[in-house]
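First the structure, in the form of C-alpha cells, and then the observations on it.
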Amino acid sequence: MSRPEPEVFVLAEQALCAVVAQVSQDQWGMTMPANFAMRQSTEIPSLWDIINYHAFDDAWVPDMLAGLSMAEAGADRFDGDLLGDDPLANFTEIAGKACAAADRVRDLEGTASLSFGDFTIREYFWQINSFRALRAHDLAQVIGADLTLPDELVQGIWDEVSPHAEEWRGLGVYPAAVPVPGTAPLLVRLLGLTGRDPYAG
C-alpha cells in the first residue's frame, strides 16, 4: 500500500533539510552546475539562490494547501531574500510550517490553485514531493554530502513518479531516462527514471 502523499512530503522535506544542514559556511555562495539554472533566467544561480528558491516554494505550501490562489494570498508576499542572516534556521522554520500544513490535509481531492493552473491537492503533492526528494539528492551531490535517501522516501517517490514519468517527461519535467539494470536498488532506478545518472561521480 502506497504511503499517503502528505507523509511523503514530510519525508522529502526532512531529507532536504538534512542536506541544507550540511552546507558549510564557505559553500553558500558557490556557483551551481548549469543544470541548476532556474526558469526565466539565463544566469547560473548560486547555492544560496537555489536554497532561497526552495524556501520560497515551501513558504507557499500552507496557502496552496488551504485552497488560496496566489492572488488571494498576495502574489509577491514571499519575494526576495527569505534566508536572511541565519539561512539554516530560517529555512528550517519555513520548512516546518510547510510540514505542519501537510499534516493538516484531509481532502486530497481539494483544489490547489497554482500559478500555472488548478490541480488536485494530490497532484500538487506529486509535484512538490519529487521536486524536494530529488533536489535533496542533487544538492548532496554538489556539496559532497551523503547521497543516501531514506528507503521509505524512495519508495514513496517511486510510487508517485513511476506511473506518470513518461507523461511528465513529455511536458519537460524530466530529461531522457538513463538506462539502469532492472535489478538495481530502487534509488538507482528512480534516479535513472528521472534522467539522472546514478553512477556519475
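Just so you know, these numbers come straight off a predicted model, no measurement behind them. Positions are given from 1, in the same order as the sequence printed here.
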What residues, two or more places apart in sequence or in another chain, satisfy side chain to side chain contact (heavy atoms under 4.5 Å, CB included) together with [X]?
X    : answer
V178 : D197, P198
P87  : W28, W48, L83
S115 : M70
R169 : A165, E166, Y174, A177, L193

Between [X] and [Y], is there shared hydrophobic-cluster membership here, with clusters defined by ILVMFWY side-chain heavy atoms closer than 4.5 Å?
X    : Y    : answer
L134 : W168 : yes
I128 : F119 : yes
V61  : F56  : yes
L147 : M30  : no

Got a donor-acceptor contact below 3.5 angstrom from the E167 side chain to the H164 backbone? no

With a 3.5 Å distance limit and no angle check, can you tell me whether D58 reaches the backbone of A55 through a side-chain donor-acceptor pair? no

According to the ring-ring contact (aromatic ring centres under 6.0 Å, His included) rule, which pairs have a member within residues 128-153, sequence neighbours left out? H54-F131

Which residue pairs pass the ring-ring contact (aromatic ring centres under 6.0 Å, His included) test when at least one of the two sits in residues 79-111, sequence neighbours left out? none

Start with the C-alpha gap between L114 and Q127, add the side-chain angles, then the distance that decides, and say whether side-chain contact (heavy atoms from CB on, under 4.5 Å) holds. CA-CA 11 Å; L114 311 183; Q127 296 173 35; 3.7 Å; yes

Would a 4.5 Å heavy-atom cut-off, applied to side chains only, mark [X] and [Y] as touching?
X    : Y    : answer
R135 : V19  : no
L82  : N90  : no
F36  : L47  : no
S69  : D118 : no
L190 : L186 : no

Could you measure the distance from the [atom1] atom of [X] to the [atom2] atom of [Y]? Nearest 0.5 Å is fine.
X    : Y    : atom1 : atom2 : answer
D146 : Q22  : CG    : CD    : 7.0 Å
W158 : S2   : CH2   : OG    : 12.5 Å
N52  : I94  : CG    : CD1   : 8.0 Å
M32  : S46  : CE    : OG    : 8.5 Å
T194 : I157 : OG1   : CD1   : 10.0 Å

Sequence neighbours left out, what passes ring-ring contact (aromatic ring centres under 6.0 Å, His included) with F78? Give chain and number order. W60

Quick one, L65 with R104, criterion side-chain contact (heavy atoms from CB on, under 4.5 Å). Give me CA distance, side-chain angles, the key distance, then yes/no. CA-CA 9 Å; L65 294 180; R104 292 192 294 269; over 6 Å; no

Quiz: residues 7-18 side-chain donor-acceptor pairs under 3.5 angstrom, not counting sequence neighbours:
| from | atom 1 | to | atom 2 | distance (Å) |
| --- | --- | --- | --- | --- |
| E7 | OE1 | R3 | NH1 | 3.4 |
| E13 | OE1 | R132 | NE | 3.1 |

Return the set of residues passing salt bridge (charged side-chain N to carboxylate O under 4.0 Å, His left out) with [X] (not counting sequence neighbours), or none when no residue passes.
X    : value
R77  : D63
E72  : none
R122 : E5, E109

Counting heavy atoms not belonging to D151, are there more than 12 under 6.0 Å from its CG? no

Does D79 have more than 12 heavy atoms from other residues, nucleotides or ligands lying within 6.0 Å of its CG? yes

side-chain contact (heavy atoms from CB on, under 4.5 Å), that's the test. Do L108 and T120 meet it? Break it down for me. CA-CA 7 Å; L108 290 170; T120 66; over 6 Å; no

Of all residues at least two apart in sequence or in a different chain, which pass the side-chain hydrogen bond (donor to acceptor under 3.5 Å, both in side chains) check with D159? Q155

